[in-house]
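It should be emphasised that the depicted structure is a prediction, and the values quoted were computed from it without experimental measurement. One-based numbering along the sequence shown. Counting starts at 1 for both ligands and their atoms, in listed order.
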Amino acid sequence: MDIIKILPENISNQIAAGEVIQRPASVLKELVENSIDADASFVQIILKDSGKTLIKVIDDGIGMSKKDLRISFQRHSTSKLNSSNDLFKIKTKGFRGEALSSISSISEVEIHTNQSNHKLGNMIIIHGDKIQEEGVSSIEKGTSVNVKKIFYNVPARRNFLKSDNVELKKSIDELHRLALAHPEIKFKFHHNKTELFNLPSNNIKKRICSIFGNKINEFLLPIKERTSVANLDGYIVKPDFAKKTRGHQFLFVNNRFIKNPFLNHAVVSAYKGLLSEEFHPGYFIFLSIDPSKIDINIHPTKTEVKFEEEQSIFAILKSSIKHSLGVFQITPSLDFNNNSIIETPYDFNNKKPNYPTLEINSKFNPFFKSETKDLNSSIGLFEDNIRETNLFSENFNFKKKALSSIESQKVFQLFSKYIVSPLKSSLIIINQNRAHQRILYERFLSGITSKKVISQNLVFPIIIDVKKISLIFFNENYEILKSFGFKTELKKSELIIKGAPSGISHNQIKDSIENFLDLNNAEVDFNSLSQADYIAKNLAKSLSVKSGVTLKIDEQKALVDDLFACKENLLCPYNRKIFITFSEKEIEKKIN
Ligand code: ADP
Ligand code: MG
């Protein structure tokens, strides 16, 4: 019995589509690449529902003839290759003739195109490989491709799509890559009628800034290298702007974004000694290589490339980055224990809150008036434990009575950094910044659970010019910010902050919120609980009172009171010690 048959074209196309088109972002990439190949100088992208309903790409490129339009969506139809020899000198983004056929086999496609400057072109509608309609169209020179209802006929793939936010982020990531590879092209990007990007034609440095915000500008170091193997251009990011995510890592080969762990390692190794392990250097590197010395035909999405001289390229990359870091005097001997970069906002990789699981009386306040014997001995125990840095094994049981305010206690500020106060038989030195971080962090988190948050109206509302992209991130996290005590209002591209949590300095709000909304560029992808925790930590850090700030006596007392009303008061949200104590004995020992 014969059982082998040739698959019908619609099935084989759907199978092929699975390789090229995984999600709306892959459609976006393929369509924009076609526009770039068509010499467009302006590309407009419109998404509806993160591309799940509509992905539309309009360009002002060379357009297609009526006949070309008809065959453009057939499998293996391309204008970019004539002979197999051409495979070794590819300068275009596409060449496999697969994208339009793949896309049209899993969605409803409508293309309008015009090669001339007269406002008359052609159009075609295809549903799952079948032409539904053909005709003329009044369209300017260029091409407009509408892709509707992606995966409408492949429910399994449609179900596989992630949430709207995740899918939108993936599309934005693709746009970042394409827009960085082609800063000379103007891009506009709309999502559900909101303009997310408007990137004018620019040089690469300005393009980086219009995508990632002007702040990155001062951290960019140029690199440039001319060799017989490859030319190297672009920018690397100074170590002090390094991130815990890889959101700023871009390697392009002949203006095509690629992923290459080996070459990424070349960059990372050039930064050796400048970054602690959990940080990733940022880079925007452009390699130009003779197309005959690379193979980009090893993967359907063409994000992987094989290099003939990979080892040499590794060496060139590493040495020129080292050179650039050296020329711009980034000293390779930072003390990580004292450097602020180590005390960073977040731990992505290790999402579980990693406080030691100590059981400690939350009401413990060392500033008690000594009233009970228990307490005295308990404090002794407490201090002993600090000495042995064995804080986390004991269960301190203080009586509620012990909780008393510091009001009658003496406090003073030391080096504008520490709050110092005598206890019954010891001296406590509190790091003001870490204490405040802990206080704010717990206040924010309790706002989420209790929904009872104390917010203060601002006399002068703070206005932030939301970079368009941040709008998404803001919308995503609006509820969280609200539960922390921020009252906000969006007006066009302005974010107006009308209220803020109590107990913070108002002149830090603007920077903190701006920095926070900047994080959208990181590849943030976490579940909602850790997201709230992460934001709480981040904002607690940026809004906390810093070292070097002089505090009034009332403020010092409030800080101490608030700290010892916290559930956890030994460690800041980043697990660093908040205070130390010296017992009378210790002091005596030192003095003798
Ligand atoms: P490839 O890009 O690999 O050639 P595609 O399936 O993406 O394959 O496109 C098929 C052909 O359709 C292209 O080779 C090109 O000639 C034509 N085409 C597609 N999009 C456009 C566009 N935006 N402008 C002009 N021509 C286009
Ligand atoms: Mg293509």
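For E140, the side-chain contact (heavy atoms from CB on, under 4.5 Å) test picks out K119, with sequence neighbours left out. The side-chain contact (heavy atoms from CB on, under 4.5 Å) check on S72 picks up M64, L69, L100, I111, with sequence neighbours excluded.
One distance of note links CG of L199 with CG of L175; it measures 6.5 Å at 0.5 Å rounding.
Electrostatic pairing of E174 and K29 does not count as a salt bridge here, judged by no charged N lying under 4.0 Å from a carboxylate O.
Listed by chain and residue number, the protein N/O/S atoms under 2.8 Å of the Mg ion (ligand 2) are N34 OD1, with waters left out.
Of the N and O atoms on the side chains of K67 and N122, not one donor lies less than 3.5 Å from an acceptor on the other residue. S163 and N165 form no side-chain donor-acceptor contact under 3.5 Å, judged by distance and modelled atom types alone.
A cation-pi arrangement is absent between K215 and F241 under the rule of less than 6.0 angstrom and at most 45 degrees off the ring axis.
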Would N114 and H112 count as a side chain to side chain contact (heavy atoms under 4.5 Å, CB included) here? Give the steps. CA-CA 7 Å; N114 179 2; H112 294 246; over 6 Å; no
Would you tabulate the polar-atom pairs, meaning N/O of ligand 1 against N/O of the protein, with distances under 3.5 Å, reported to 0.1 Å?
residue: ligand 1; atom: 2 (O); partner: N34; partner atom: OD1; Å: 2.9
residue: ligand 1; atom: 2 (O); partner: K80; partner atom: NZ; Å: 2.6
residue: ligand 1; atom: 3 (O); partner: F95; partner atom: N; Å: 2.9
residue: ligand 1; atom: 3 (O); partner: R96; partner atom: N; Å: 3.1
residue: ligand 1; atom: 3 (O); partner: G97; partner atom: N; Å: 2.8
residue: ligand 1; atom: 4 (O); partner: T78; partner atom: OG1; Å: 2.5
residue: ligand 1; atom: 6 (O); partner: A99; partner atom: N; Å: 3.2
residue: ligand 1; atom: 6 (O); partner: L100; partner atom: N; Å: 2.9
residue: ligand 1; atom: 7 (O); partner: N34; partner atom: OD1; Å: 2.9
residue: ligand 1; atom: 7 (O); partner: N34; partner atom: ND2; Å: 2.8
residue: ligand 1; atom: 14 (O); partner: T78; partner atom: OG1; Å: 3.4
residue: ligand 1; atom: 14 (O); partner: S79; partner atom: N; Å: 2.9
residue: ligand 1; atom: 14 (O); partner: S79; partner atom: OG; Å: 3.1
residue: ligand 1; atom: 16 (O); partner: S79; partner atom: OG; Å: 2.5
residue: ligand 1; atom: 20 (N); partner: N34; partner atom: ND2; Å: 3.4
residue: ligand 1; atom: 23 (N); partner: D59; partner atom: OD2; Å: 2.9
residue: ligand 1; atom: 24 (N); partner: T143; partner atom: OG1; Å: 3.3

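Between the side chain of R256 and the backbone N or O of T303 there is no donor-acceptor pair closer than 3.5 Å.
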